[in-house]
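A quick write-up on the structure given underneath.
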Amino acid sequence: MANNDTPISSEEDKKIREELYKQNLEVVRLYKQVDSLNKQRESLMHLITHKVKGSFTHSKYIFAGMLDGTFGAITPDLQKMAEKGLESDNVGINTIDLILNTGNMQKGLIKYDMKKVDFKEIILSSLSEKKVAAEAKGLQVEKEIGENDYSVLGDAFWLKEAVNNFIENSIKY
């Protein structure tokens, strides 16, 4: 029955059902189109991040080679630059991994690499990386960590992200 409580004819009912069927077909077509575009976007994102990560990895091994003597002796100044370059490339690689992991999170897939990790080392590494940013804001980094065993079961990547976020927010706010 229509809104005014008058019955509709079987012909009107047939027309309404046909129109709803056509609209449903259009919705399915649009859904498939969006799904296809999402898959293309995902493939493009994967290709781009793979290429960028490859560039970081290539220069990372050059810096590592400089530091381990593969290319001969280097000056102390060049060693500092190579260490900064290696650290920068590691941060870049971790950023690419974060982007890829974020894509998986959107799909509801989170992969954790659960291992025994030294949480103290994660904290010290993060503090070292963020020290310059803190000093640039006139802050001094202070830490008081005992000589205990700080081994935990966790994913080093995600633990480092959490610690970095905490330190960055402390610096920012």
Side-chain angles (χ1 to χ4, degrees), residues 1-65 84-119 121-134 136-137 151-173:
M1 291 198 182
N3 286 343
N4 61 6
D5 293 334
T6 57
I8 58 172
S9 69
S10 62
E11 189 172 304
E12 287 176 310
D13 181 62
K14 183 178 177 184
K15 285 180 184 178
I16 291 171
R17 289 178 187 272
E18 286 175 356
E19 185 59 35
L20 286 173
Y21 180 76
K22 288 177 189 176
Q23 288 177 0
N24 283 338
L25 287 177
E26 181 64 10
V27 167
V28 169
R29 185 190 69 76
L30 290 172
Y31 176 80
K32 287 180 180 179
Q33 188 176 9
V34 167
D35 189 49
S36 174
L37 290 172
N38 283 338
K39 287 178 182 175
Q40 289 174 9
R41 179 185 58 101
E42 188 177 310
S43 294
L44 179 61
M45 179 66 92
H46 182 75
L47 175 67
I48 291 169
T49 53
H50 179 74
K51 292 292 186 182
V52 172
K53 187 174 180 179
S55 296
F56 278 120
T57 302
H58 180 73
S59 63
K60 172 184 174 172
Y61 288 116
I62 292 171
F63 289 127
K84 287 181 181 179
L86 182 60
E87 182 179 319
S88 176
D89 282 350
N90 284 332
V91 169
I93 290 168
N94 286 340
T95 301
I96 296 299
D97 286 339
L98 180 60
I99 291 168
L100 291 172
N101 284 327
T102 302
N104 287 336
M105 287 170 67
Q106 289 175 338
K107 291 190 257 177
L109 304 170
I110 302 174
K111 181 180 177 186
Y112 294 108
D113 186 17
M114 302 299 281
K115 295 181 182 172
K116 187 175 179 181
V117 295
D118 185 352
F119 194 58
E121 181 57 38
I122 290 172
I123 291 171
L124 292 174
S125 172
S126 293
L127 286 172
S128 174
E129 291 169 11
K130 307 300 178 197
K131 184 177 181 181
V132 173
K137 286 197 74 176
S151 296
V152 297
L153 181 63
D155 184 301
F157 176 81
W158 289 109
L159 287 171
K160 176 114 185 213
E161 283 302 309
V163 170
N164 281 340
N165 191 31
F166 180 72
I167 294 170
E168 287 168 4
N169 285 339
S170 296
I171 293 168
K172 189 174 182 179
Y173 303 110

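Just so it is clear, the model here is predicted, and its values are computed rather than measured.
Proximity of a side-chain donor or acceptor of Lys137 to a complementary backbone N or O of Ile171 within less than 3.5 Å is detected. Ser128 contributes no side-chain N or O that, together with a main-chain N or O of Leu124, makes up a donor-acceptor pair within less than 3.5 Å. Using modelled atom types, no side-chain atom of Ser88 and backbone atom of Lys84 make a donor-acceptor pair closer than 3.5 Å. Between the side chain of Thr95 and the backbone N or O of Val91, at least one donor-acceptor pair lies under 3.5 Å. Although no hydrogens or angles enter the test, the distance criterion places no donor-acceptor pair under 3.5 Å between the side chain of Asp113 and the main chain of Asp155.
When the side-chain hydrogen bond (donor to acceptor under 3.5 Å, both in side chains) test is applied to Glu42, the partners found at least two apart in sequence or on another chain are Lys107.
Note: Leu153 CG to Tyr112 OH = 13.0 Å, rounded to the nearest 0.5 Å. Atoms NE2 and CZ, on His58 and Phe63 in that order, are 10.5 Å from each other to the nearest 0.5 Å. Here the straight-line distance linking atom NE2 of His46 with atom NZ of Lys51 works out to 10.5 Å at 0.5 Å rounding. Rounding to the nearest 0.5 angstrom, the gap separating the CZ atom in Arg17 from the CG atom in Asn24 is 12.0 Å. Note: Ile62 CD1 to Leu86 CG = 11.5 Å, rounded to the nearest 0.5 Å. The line from CD1 of Ile122 to CG of Leu127 is 12.0 Å long, rounded to the nearest 0.5 Å.
Closest approach of Val152 to Phe119, counting heavy atoms only: CG2-CB, 4.0 Å. In plain terms, the two heavy atoms of Thr49 and Ile96 that are nearest each other are O-CG2, 3.5 Å. Across all their heavy atoms, Asp97 and Lys53 have their closest contact at OD1-NZ, 2.6 Å. Of all non-hydrogen atoms in Ala156 and Val117, the two that sit nearest each other are CB-CG1, 3.8 Å. Of all heavy-atom pairs between Glu168 and Lys130, the closest is OE2-NZ, 2.8 Å. Between Ile167 and Ser126 the shortest heavy-atom distance is CD1-CB, 3.6 Å.
For Glu18 and Lys15, the salt-bridge test fails: no basic side-chain N is under 4.0 Å from an acidic carboxylate O.
No side-chain heavy atom of Leu44 sits under 4.5 Å from any side-chain heavy atom of Gln40. Leu25 is not listed as a side-chain neighbour of Arg29, based on a closest heavy-atom distance of 4.5 Å or more.
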